[in-house]
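One structure below.
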Amino acid sequence: MKLSTQTVVIGAGHAGVEAALASARMGVDTVLFTLSLDAVANMPCNPSIGGTAKGHLVYEIDALGGEMGRAADKVTLQSRTLNLGKGAAVYSKRIQADRRKYQNIMKHTIELTQNLRLIQAEIVEILTDNDPTRPQITGVRTHLGETWECSAVIIATGTHLGGRIFVGDVNYAAGPDGMLPANALTNSLLSLGVKMMRFKTGTPARVKRSSIDFSVLEVQPGEQCPLPYSQDNVEQLFYDKQQIPCHIVYTNEKTHEVILSNIKRSALYSGQIHGTGPRYCPSIEDKLVRFADKPRHQLFVEPMGEDNEEMYVQGFSTSLPPDVQYQMLRTLDGFENAEIMRYAYAIEYDCADPLQMLATLEFKAIDGLYGAGQFNGTSGYEEAAAQGLVAGINAARRAKGQEPVILTRSQSYIGTLIDDLVTKGTHEPYRMMTSRSEYRLLLRQDNADLRLTPIGYECGLISDDRYNMLQSKIESVENEKNRLETTHISMQRANDFLALHALPPIKSGCSLADLLRRPELTYADLAPVDDARPELSRRVLETVEIDVKYEGYIKRAFAEAQRQQKLEDKHLSPDIDYTQIRGLRLEAAQKLNAVKPLTIGQASRISGVNPADVSVLLIWLGIK
């Protein structure tokens, strides 16, 4: 039986959901395939969204017209802003989510979206026209024998592709949460010449809430009056929202003794697992080996939802057998009678080397084939959703005969994420961190809409009302910054105010902006000397305060971004044979031929390409 569509998305995790919604909302007929309708937008690991740098990604997804932030706001159990003591560039929102409600909202959103069909079936083969130079996608085949003709395929298989679960000395083929694995698709990709890798991740046990003595645990409350992720959600509605506390517990000497005495029973140390695990989210046994000098490790006890008894023990991921899992859990304070509802496990899975992809997330060698999420070697729901959104946008624009969207490093964390993957590759599950960006002060959470909403609007993912809101915010921010710069107060009044805050006096009058630039003062602090203060939203005020306080630093960062942009504007053809360029070192030529950069800027970031090689390329371009 032959059916047809324009774009096929394989996998309905966080990457697949965003890809399918973006494609369909842009008017392209789209089919989203999943192994199980019950696993749409599943959170098989931590039921949280956001965190350091990940919160930035969620704001950027929302700014472009994605769905993750909107849904997360509706299922927030607790909200916190991390890194408040480190400066505005790294403020990162993180919410604890109701896992099942999030899934239900996402699934229903998909079901109600025009141009989008959600189908439970396993895709076992990618079909092409077999062109020997650059094959073109022609369709996919399901395990039931159906053939779907299409011109673009987005692979977003998560950890299902070749998935294998490990618990102690037991291992079996499965996806996360005991779901079905996808075992046939890897062979189809290999036959198309796709280079595959094998990665590993894991998850901790889920413990029954009523079996934990919370009275001896450290309480971790949520923040007061949190701002929502999405610009579509009214901030006032979140001010008084009831939040569920999380808790903190620590491993101890007994915990470490149990783990280390049984470490050879861990699949990670018994030689069963061959995939590469995440550096920044290791299993507890790996932590004890790497950080042998640490007497304890912090663990977070977090709810999975309002109406279920499962508690997630963040930081306690393991592949030790069930009896050891019980022993180690019950050494923790408050967990003496802990009952496990789901055992911890490690999972190995197949993924693609992202060096095979363009910054559009389309494969260089296969026309119309895109990758997104853990299939591209990343970890995390937010990284997956961001890639899925970009892949969905570009597949849709391709179908409509439009130029692709390529986000730059100076423009977004999403651009940084994708550029890192397709330029440097990854040998372990990639995780986004603020330290990966050289433009952190430009890429803040508060200005994600200013940076990216115009792109989402041009793509058709942002409504007129939402775009008008942006224009209003831009006007309000600029007006308020100008008012602060031009509103002056006398020396006497300023010194009286400064004395109240135990700050040294000044020798002349000053503007409100001058006072705000003092690190000890906030916008709210200035109220007693600000007689004409307008009523503005918290979103506007946050951007105003940061822009004024860090004005000098922001200007320098912007100048550096403009300098780098000159290299990004110098384009390179993907057909260049770099071994034919005289003066280019052999190593550089080989690395450039492997990556096939599209700009001089991208070429400069390839490992093995040094500044002298870039100079050779610039001279060659000038002569050419």
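Everything numeric here is computed off the predicted structure, so don't read it as measured data.
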Legend entry - Cationic N near anionic O, under 4.0 Å, E458 to R397: yes

Inset, instruction - Grab the two heavy atoms, one from S412 and one from L443, that are nearest each other, plus how far apart they are. - result: N-CD2, 3.5 Å

Legend entry - Heavy-atom closest pair, residues G51 and L82: CA-CD1, 3.9 Å

Inset, instruction - Could you walk me through whether R100 and D307 pass salt bridge (charged side-chain N to carboxylate O under 4.0 Å, His left out), step by step? - result: CA-CA 9 Å; R100 294 304 179 199; D307 55 0; over 6 Å; no

Inset, instruction - In sequence, state the C-alpha distance, the side-chain angles, and the governing distance for Y59 and Y229, and then conclude on ring-ring contact (aromatic ring centres under 6.0 Å, His included). - result: CA-CA 6 Å; Y59 276 100; Y229 274 123; 5.2 Å; yes

Legend entry - Side chain proximity check, T7 to Y370, heavy atoms < 4.5 angstrom: no

Legend entry - Gap separating the CG atom of L161 from the CZ atom of R198, nearest 0.5 angstrom: 8.5 Å

Legend entry - Straight-line distance of D232 CG to R70 CZ, nearest 0.5 Å: 5.0 Å

Inset, instruction - Mind telling me whether Y349 and F199 have parallel, tilted or perpendicular rings, with 30° and 60° as the class edges? - result: perpendicular

Inset, instruction - Look at E438 together with R605 and state whether they make a salt bridge at an N to O cut-off of under 4.0 Å. - result: no

Inset, instruction - Starting at OG1 of T159, measure out to CZ of F375 and round the result to the nearest 0.5 Å. - result: 13.5 Å

Legend entry - S23 side-chain N/O to A19 backbone N/O, donor-acceptor pair under 3.5 Å: no

Inset, instruction - Keeping the roles fixed (side chain from R25, backbone from A22), state whether a donor-acceptor pair exists under 3.5 Å. - result: no

Inset, instruction - Determine, step by step, whether D420 and R409 satisfy the salt bridge (charged side-chain N to carboxylate O under 4.0 Å, His left out) criterion, reporting the C-alpha distance in whole Å, the side-chain angles of both residues, the deciding distance to 0.1 Å, and the verdict. - result: CA-CA 9 Å; D420 278 352; R409 298 181 70 87; 2.8 Å; yes

Inset, instruction - Run the numbers on R342 and D177 for side chain to side chain contact (heavy atoms under 4.5 Å, CB included), then give the verdict. - result: CA-CA 9 Å; R342 300 182 196 235; D177 271 345; 3.6 Å; yes

Inset, instruction - For the residue pair I414 and L64, establish whether any side-chain heavy-atom pair is separated by less than 4.5 Å. - result: yes

Legend entry - Interatomic spacing from OH in Y413 to CG in L57 - rounded to 0.5 Å: 9.0 Å

Legend entry - Check: Y102 side chain, S48 main-chain N or O, donor-acceptor pair, under 3.5 Å: no

Inset, instruction - Scan side-chain atoms only and decide if E362 and N394 contain a donor-acceptor pair under the 3.5 Å cut-off. - result: no

Inset, instruction - Measure across Y457 and I462 and return the closest heavy-atom pair with its distance rounded to 0.1 Å. - result: CD1-O, 3.3 Å

Inset, instruction - Search all heavy atoms of G69 against all heavy atoms of V58 and return the closest pair with its distance. - result: CA-CG1, 3.8 Å

Legend entry - Between CD1 on residue I212 and CZ on residue F335, distance to nearest 0.5 Å: 4.0 Å

Inset, instruction - Flag the pair M43 / H14 as yes when at least one side-chain heavy-atom distance between them is below 4.5 Å, and no otherwise. - result: yes

Inset, instruction - For the pair K107 and D38, find out whether any cationic side-chain nitrogen is under 4.0 Å from an anionic carboxylate oxygen. - result: no

Legend entry - Value rounded to 0.5 Å, distance of CG in L369 from CG in L189: 7.0 Å

Legend entry - Residue pair L288, H297: steps toward the side chain to side chain contact (heavy atoms under 4.5 Å, CB included) verdict: CA-CA 9 Å; L288 297 193; H297 292 272; 3.6 Å; yes

Inset, instruction - Please answer whether the main-chain N or O of Q78 pairs with a side-chain N or O of T76 as donor and acceptor at a distance below 3.5 Å. - result: no

Inset, instruction - Check whether any side-chain N or O of N447 sits under 3.5 Å from a backbone N or O of R444 as a donor-acceptor pair, and report yes or no. - result: yes

Inset, instruction - Could you check whether the rings of W148 and F33 sit parallel, tilted or perpendicular, using 30° and 60° as the cut-offs? - result: perpendicular

Inset, instruction - For atom NZ of K364, decide whether the heavy atoms of other residues, nucleotides or ligands shown that lie under 6.0 angstrom number more than 12. - result: yes

Inset, instruction - Go through the steps to decide whether Q298 and I248 satisfy the test side chain to side chain contact (heavy atoms under 4.5 Å, CB included), and finish with yes or no. - result: CA-CA 7 Å; Q298 189 177 52; I248 296 173; 3.6 Å; yes

Legend entry - Check: A63 main-chain N/O paired with T453 side-chain donor or acceptor under 3.5 Å: yes

Inset, instruction - Find out whether T203 and P44 are in side-chain contact, i.e. whether some heavy atom of one side chain is under 4.5 Å from a heavy atom of the other. - result: no

Legend entry - Note: E542-R538 ion pair, threshold 4.0 Å (strictly below): no

Inset, instruction - Determine, step by step, whether D73 and S230 satisfy the side-chain hydrogen bond (donor to acceptor under 3.5 Å, both in side chains) criterion, reporting the C-alpha distance in whole Å, the side-chain angles of both residues, the deciding distance to 0.1 Å, and the verdict. - result: CA-CA 7 Å; D73 287 339; S230 179; 4.8 Å; no

Legend entry - Lys/Arg-Asp/Glu bridge criterion (N-O < 4.0 Å) met for R80, E302: no

Legend entry - Heavy-atom closest contact (V301 atom, M311 atom, distance): CG1-CE, 3.9 Å

Legend entry - Main-chain N/O of S79 paired to Q243 side chain as donor or acceptor, under 3.5 Å: yes

Inset, instruction - For the residue pair E18 and M106, establish whether any side-chain heavy-atom pair is separated by less than 4.5 Å. - result: yes

Legend entry - Main-chain N/O of P181 paired to R164 side chain as donor or acceptor, under 3.5 Å: no

Legend entry - Residues R117 and D29 bridged, charged N to O under 4.0 Å: yes

Legend entry - Main-chain N/O of S319 paired to S266 side chain as donor or acceptor, under 3.5 Å: no

Inset, instruction - Inspect the contact between R466 and D62 and indicate whether a charged nitrogen and a carboxylate oxygen are less than 4.0 angstrom apart. - result: yes

Legend entry - Under 3.5 Å: donor-acceptor pair, side chain of N308, backbone of E310: yes

Legend entry - Heavy-atom side-chain contact between H160 and M179 under 4.5 Å: yes

Legend entry - Which atom of A12 lies closest to which atom of V17, heavy atoms considered: O-CG2, 3.5 Å

Inset, instruction - For M328 and I284, run side chain to side chain contact (heavy atoms under 4.5 Å, CB included): C-alpha distance rounded to whole Å, both residues' side-chain angles, the deciding distance at 0.1 Å, then the answer. - result: CA-CA 10 Å; M328 55 197 263; I284 187 63; 3.6 Å; yes

Inset, instruction - Check whether any side-chain heavy atom of T318 sits under 4.5 Å from a side-chain heavy atom of Q325, and report yes or no. - result: yes

Legend entry - Test item: L450 and K473 side chains (from C-beta on) under 4.5 Å apart, heavy atoms: yes

